[in-house]
Amino acid sequence: MPSDVLRIALPLPLPRLFDYLAPGGDPMGPDDIGRRVRVPFGPRELVGVVAATGPAAADAPALREAVAWLDPAPLLHGELLATCRWLARYLHVPAGEVFATALPAALRRGEPLPDTTAWGWALTAAGANAVAGLRNGARPRRLAEALRKGAVAEDLLDDRIDGWRTAARSLEERGFALRVAIEAAATVTAQPGPAPNAGQAAALEALRAAEGFAPVLLEGVTGSGKTEVYLQAIAERCLAHGRQALVLVPEIGLTPQMLARFRARLGVPVHALHSGLNDGERARAWAAAWRGEAQVIVGTRSAVFAPLPKPGLIVVDEEHDGSYKQQDGIRYHARDVALVRGKALDVPVLLGSATPSLETLHNARAGRHAHLRLRERAGEAKPPRVRVLDVRKRPLQAGLSEELLAAVRTALDGGGQVLVFKNRRGYAPVLLCHDCGWSAACPRCSTPERAVPMTVHAGGRRLQCHHCGTRRPVPMACPDCASLALQPQGVGTERIEELLAARFGDVPVLRIDSASTRRRDGLARELAKLDDGPGILVGTQMLAKGHDLPKLVLVCVVGIDEGLFSADFRASEKLAQLLIQVSGRAGRAERPGEVLLQTHHPGHPLLEVLVNGGYRAFADAELGQREAAGFPPFAHMALLRAEAQQAGVPDAFLRAAGEAFNAARGALPPEEARSLLVAGPIPAPMPRRAGMHRAQLLLSSPQRRALHAVLDAVVAGLHALPEARRVRWSLDVDPVDLY
Ligand code: ADP
Ligand code: ZN
Ligand code: ZN
């Protein structure tokens, strides 16, 4: 007689559950669903989550026993468990992989749910007597002074004293300070915010009126006071009623400055969840959310999986931001998951942006989302003036015109700061032989038909491929003709920095790129070098958002012309958002800002519409074109990608998949079948990358139902195709990038 078994979801790319006997032959039942359990798998052990329990199949092979329970009670339960299961079905990925994505790394590895006591530091009696004797100005002295009136929470020390942990250890060694558990509530008193202006008041009123689930688009330019609306809504809706708020921000928007603003204004601990934390810190924040202790959780993409046992509000700041879409593994979109959770939890979801995605605008127009606007900049700030600089036939140095350089000089002389935005890292995008025309191409990404240039870095000493990371030194001579006339062509941020530093030697010139900002607080540290005086920042889209720059008076945008002619149907939307976001950084304080858009295509419709009509006019025009062309948001898409070492192999797999999709389409009602397009196999926009040959198959339909019906019918079976063994494939439901 087969006994009951645990049906376990494991983090493996296989669309099935795995059966095990309970550890030690324990009794089990439906109450165990959502508990983590360690199981033997081949020679290894894996951590899985119980997805179901029930009788073993009569013909089941000999079952193995699970090693151990990892949780006394289900870790995933209720809404979060249901959302993960829904997401697995929607994205057509195994539930075990979604569970693994939802859990922080330490819990995924099987560590216990950590202790979430709030910790702080306090002076001992000896320490209180010794404060005056500590060296003036040194960190231990500053820390001791901060602790004089009583214990202070660690997250507040993070905000107040740079490098306080070393100082704390030094005080502790001398018996002057102690780490103590503190009352989470007793951290700081909330600072009052400004009185809401009319637009903010209307937005807050609409949120007050919302009962249960309500998706709300809050559209307002940078500086119009959206964050104030979030803060007041959180205070009213959540903190006043003991409910939790989840705030998602883009990767680049989560600055120490912003966390400090939330803490100061809300007067409660703010739990951060982002990739800059170590595993232990992340697991603690997640656990605090799980226990309902974390009242405000602010985090980047994966924070959308924070448990919310006492939900009050979900906010997605800069909802259009590309970092919300996970581009590998489980390809979820955090904004969409936030909406699904808001519905399941029956709470409002506030989507904020100066440049809402066309998906969200479309939903607002169709009446599915409420649409609120903040039309003016809050406080005193004036909107920036935008000027298009026509540089046709003008001499350029490092891609910059004299007129632009003169404007930089004027801004610096007035004591202002300047941002020069160029969306290309490195020194130059191409290395060219002036004698024979050879150019450096990436050996792992190029094909005979299509050379992928390597970017020149490190002032001209190194070549690097931005697609696969391959690096090599710049050759001494041309490998084809032995000429020494190798010249960097085109302009990247390094080259602009070089020119600006030579030209404006009297002010700091800082280049901001992903390397300088990878470390936690990296960007803040860099920007601190500017102090409050005149200076220049050079960078890519890293600079479009994030740290507040009150002294910024001039934003120069250069080298956007290739973006105007991209083949990708989302390129215009991304470029328009980027231009508006970068421009929005100018003139946030009392001074008016100016934006210079340098281009060889001053008459391009995208620029004309944006400059004269703003984002709204652009979005209207673009939505019209998308509708005419049958692109999202008027169609729903899924992209099947395949890659292999050998050319031709991805195509064979995709052809077999395409046949399966076409067969499934035939089973749909005729009208749905007609609406569904199966296109491909077609070469990927990058047909080769990092040595792999790549191709794809695109499914598209104006009816989501039709698309998902064929996905439901086919995707699980793709694993079993003989061709599947020779490729790496993945399905991207609602793809953002078509490569
Ligand atoms: P956003 O999130 O839209 O960029 P913020 O909420 O950060 O805008 O507001 C921009 C600036 O204006 C901040 O310095 C903020 O303190 C200030 N501010 C916001 N709302 C008001 C208001 N009602 N009255 C005065 N100042 C305000
Ligand atoms: Zn040559
Ligand atoms: Zn490459």
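Order of listing sets the numbers, starting from 1, for every ligand and every atom in it. Values below: all heavy atoms of this structure, side chains included; hydrogens, waters and symmetry mates excluded.
Nearest heavy-atom pair, Leu432 versus Gln489, reported as atom, atom and distance to 0.1 Å: CB-CG, 3.5 Å. Looking at every heavy atom in both residues, Leu463 comes nearest to Pro473 through CD1-O, 4.2 Å. Between Gln646 and His693, the shortest heavy-atom distance links the atoms C-CD2, 3.8 Å.
The atoms of ligand 1 that sit less than 4.0 Å from any heavy atom of Thr222 are 4 (O). Within ligand 1, the atoms closer than 4.0 Å to a non-hydrogen atom of Lys226 are 1 (P), 2 (O), 3 (O), 6 (O), 8 (O), numbered from 1 in the order shown. Residue-ligand proximity, Asn197 to ligand 1, at heavy-atom distances under 4.0 Å covers atoms 23 (N). Every atom of ligand 1 with a heavy atom of Val221 under 4.0 Å away is listed here by number and element: 3 (O).
Residue contacts to the Zn ion (ligand 3): Cys445 brings an N, O or S atom closer than 2.8 Å. Under 2.8 Å from the Zn ion (ligand 2) lies no N/O/S atom of His434, from backbone or side chain alike. At a threshold of 2.8 Å, the Zn ion (ligand 3) has a backbone or side-chain N, O or S atom of Cys465 nearer than that distance.
Contacts with ligand 1 closer than 4.0 Å are made by heavy atoms of both the backbone and the side chain of Ser224. Looking at Leu374 against ligand 1, nothing comes within 4.0 Å, counting heavy atoms. Counting heavy atoms under 4.0 Å from ligand 1, residue Arg261 touches it through the side chain alone.
Vertex the Zn ion (ligand 2); arms to Cys481 atom SG and Cys478 atom SG; angle 110° (nearest 10°).
Salt bridge annotation for Arg688-Glu449: absent, with no cationic side-chain nitrogen under 4.0 angstrom from a carboxylate oxygen. Ion pair Asp737/Lys574 flagged as a salt bridge, since at least one NZ, NE, NH1 or NH2 atom sits closer than 4.0 Å to an Asp/Glu carboxylate oxygen. In summary, Lys325 and Asp732 engage in a salt bridge, as defined by a charged side-chain N under 4.0 Å from a carboxylate O. Residues Glu228 and Arg261 are paired through a salt bridge, judged by an N-O separation under 4.0 Å between the basic side chain and the carboxylate.
For the residues Gly225, Ala354, Gly352, the heavy atom positioned nearest atom 8 (O) of ligand 1 is part of Gly225.
If you take NE2 on His371 and CD on Glu219, they are separated by 4.0 Å, rounding to the nearest 0.5 Å.
Checking side-chain atoms of His274 against main-chain N and O of Gly276 turns up a donor-acceptor pair under 3.5 Å.
Taking a 4.0 Å cut-off on heavy atoms, Ala195 registers as neighbouring ligand 1.
Polar contact with ligand 1: absent for Pro194 (N/O pair, distance under 3.5 Å).
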